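Everything numeric here is computed off the predicted structure, so don't read it as measured data. Keep in mind that the numbers below use all heavy atoms, side chains included, and drop hydrogens, waters and symmetry copies.
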Amino acid sequence: MVILIVATTTDPASFNPANALLSKPGWAPTPSLQDMKGFANGAVRVLLHNSSIIEEDDLDARWREATGEHVDELIFLSKHKAVSSRPALTVHPIGVPHLRNGDVLPQGGKPGWAAPPNPRIGPWLRLLKRIAQDHGLVPEFEVTLEATHHGPITDTPAMFLEIGSTDECWKRQDAAEVMALLVWEGLGLGGGAAVGNWNGENHNKKVLLGIGGGHYAPRHMDIALKDNVWVGHLISGYSLPMEDPSQSKTETNTKDIGGSWKQAIKVAFEVTQMAFPGGEILAHLDHKSFKSWQKNAITNFLEEQNITISRRDFF
């Protein structure tokens, strides 16, 4: 069983952190996929390919077929784009659980799919903030979660680590070194204890399932930065399409509100359960981001699905 770190040579925000990681001791070439390069260090593997980071689907299964090694988790290194152009270091789960068959897939994945969130997301967010502060990147760089989005397709617990948000930032060697240190320390490759291992027997079993809010999930971030909090999927408002009942010509019960919002919540909850066996999955709503009819509909649906709704002080 191995941990697979994936990077692409086409993206400096992916390739540079991978190179910085591989410059540390203990790495050796290892059999890999097709014309891709592979490196091994204990139970950790680095895979370098030449495609878009969101286009190489099923790397877990393909790695197992090529090497005989089962992949326990996937960690992708990538660039982050933002209209604001603000320097950022981000962590996020992946999936497009709100999309339906026939919908456009702008950034990979498949309709109604989300990968199990890598349990390290919460602990590594906090570790990333500490390392970035120690290396003087904060406050220039914002350290933040992002909501669940894009591919590639996998059924293995996964997360993205990204450097944003401009070409200049993507090429910053100090940012690349911080991301490399996050992986190095987070996986215990330097001899210390690994960070974020979930075994179902952890003292705190509460797992955040974020629902609503913007892409950077500020109200969910407030919880995720607390010690010992685990983070599952973060479903932003744009991933909860809901048809406004006021636009309907007939009276609409909250249970009958159209859109793929129920699908998105159900998929996100189910794969978060898969990622945290024995965990207590708690739905945290960004109440201020919803209109009253939306909040009522979501709350009713969560209760129907026996999904516990939390307050901030539950964590």
Next item on the list: For side-chain contact (heavy atoms from CB on, under 4.5 Å), just list the numbers for L161 and V183, CA-CA rounded to whole Å, side-chain angles, deciding distance to a tenth of an Å, and then say yes or no.
Entry: CA-CA 9 Å; L161 308 177; V183 176; 3.9 Å; yes

Note to self: With side-chain contact (heavy atoms from CB on, under 4.5 Å) as the criterion, how do T8 and E56 come out once you've worked through the C-alpha distance, each side chain's angles and the decisive distance to 0.1 Å?
What the structure shows: CA-CA 10 Å; T8 173; E56 289 286 352; over 6 Å; no

Checklist line | Chi angles and distances behind the side-chain contact (heavy atoms from CB on, under 4.5 Å) call for L125, V143 | finding: CA-CA 8 Å; L125 171 73; V143 177; 4.1 Å; yes

Next item on the list: Walk me through it: do F290 and N296 pass the test side-chain contact (heavy atoms from CB on, under 4.5 Å)?
Entry: CA-CA 9 Å; F290 295 117; N296 290 339; over 6 Å; no

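A distance of 4.5 Å separates CD1 of I211 from CD1 of I265, quoted to the nearest 0.5 Å. T10 contributes atom OG1, which lies 7.5 Å from atom CG of N50 (distance to the nearest 0.5 angstrom). A distance of 11.5 Å separates CZ in R126 from CD1 in I121, rounded to the nearest 0.5 Å. Annotation: the span from L209 atom CG to L282 atom CG amounts to 9.0 Å, rounded to 0.5 Å. Rounding to the nearest 0.5 Å places OG1 of T156 at 12.0 Å from CD1 of I3. How far CZ of R45 is from OG1 of T67: 7.5 Å, rounded to the nearest 0.5 Å.
For the residue pair A7 and A18, the shortest heavy atom distance occurs at CB-CB, 3.7 Å. The heavy-atom pair separating A224 from L145 by the smallest distance is CB-CD1, 3.6 Å.
Checking side-chain atoms of Q294 against main-chain N and O of K291 turns up a donor-acceptor pair under 3.5 Å. Between the side chain of T144 and the main chain of T90, no donor-acceptor pair closer than 3.5 Å is present. Panel note: side chain H49, backbone V6; no donor-acceptor pair is recorded below 3.5 Å. Looking only at distances, a side-chain donor or acceptor of T299 sits under 3.5 Å from a matching main-chain atom of K295. No donor-acceptor distance shorter than 3.5 angstrom exists from the side chain of W230 to the backbone of P119, with no hydrogens or angles considered. Q107 places no side-chain N or O within donor-acceptor distance of the main-chain N or O of G151, the cut-off being under 3.5 Å.
Partners of A82 by side-chain contact (heavy atoms from CB on, under 4.5 Å), not counting sequence neighbours, listed by chain and number: H80, S84, S165, Y216. Residues satisfying the salt bridge (Lys or Arg N to Asp or Glu O under 4.0 Å) criterion with E280, sequence neighbours excluded, are absent altogether. The side-chain hydrogen bond (donor to acceptor under 3.5 Å, both in side chains) search around D167 returns K171, not counting sequence neighbours.
A 4.5 Å side-chain heavy-atom check between K226 and K206 finds every atom pair outside the cut-off. The shortest distance between side-chain heavy atoms of P117 and V231 does not fall below 4.5 Å. Side-chain contact between M179 and I131 is absent, with no heavy-atom pair separated by less than 4.5 Å.
In summary, the side chains of H233 and T148 do present a donor paired with an acceptor at a separation below 3.5 Å, with no hydrogens or angles considered.
Salt bridge status for K262 with E304: absent, with no side-chain N to carboxylate O gap under 4.0 Å. Salt-bridge check for K266 with E270: passed, with a basic side-chain N closer than 4.0 Å to an acidic carboxylate O.
The ring pair (Phe, Tyr, Trp, His ring centres under 6.0 Å) contacts involving residues 82-117 comprise H92-H149, H92-H150, H92-F160, where partners must be two or more places apart or lie in separate chains. Applying the side-chain hydrogen bond (donor to acceptor under 3.5 Å, both in side chains) test to residues at least two apart or on different chains, the pairs with a partner in residues 17-35 are K24-E177. The salt bridge (Lys or Arg N to Asp or Glu O under 4.0 Å) pairs that include a residue from residues 71-89 are E73-R120, R86-E142, where partners are two or more places apart or lie in different chains.
Atom CZ of F301 has more than 12 heavy atoms from other residues, nucleotides or ligands within 6.0 Å.
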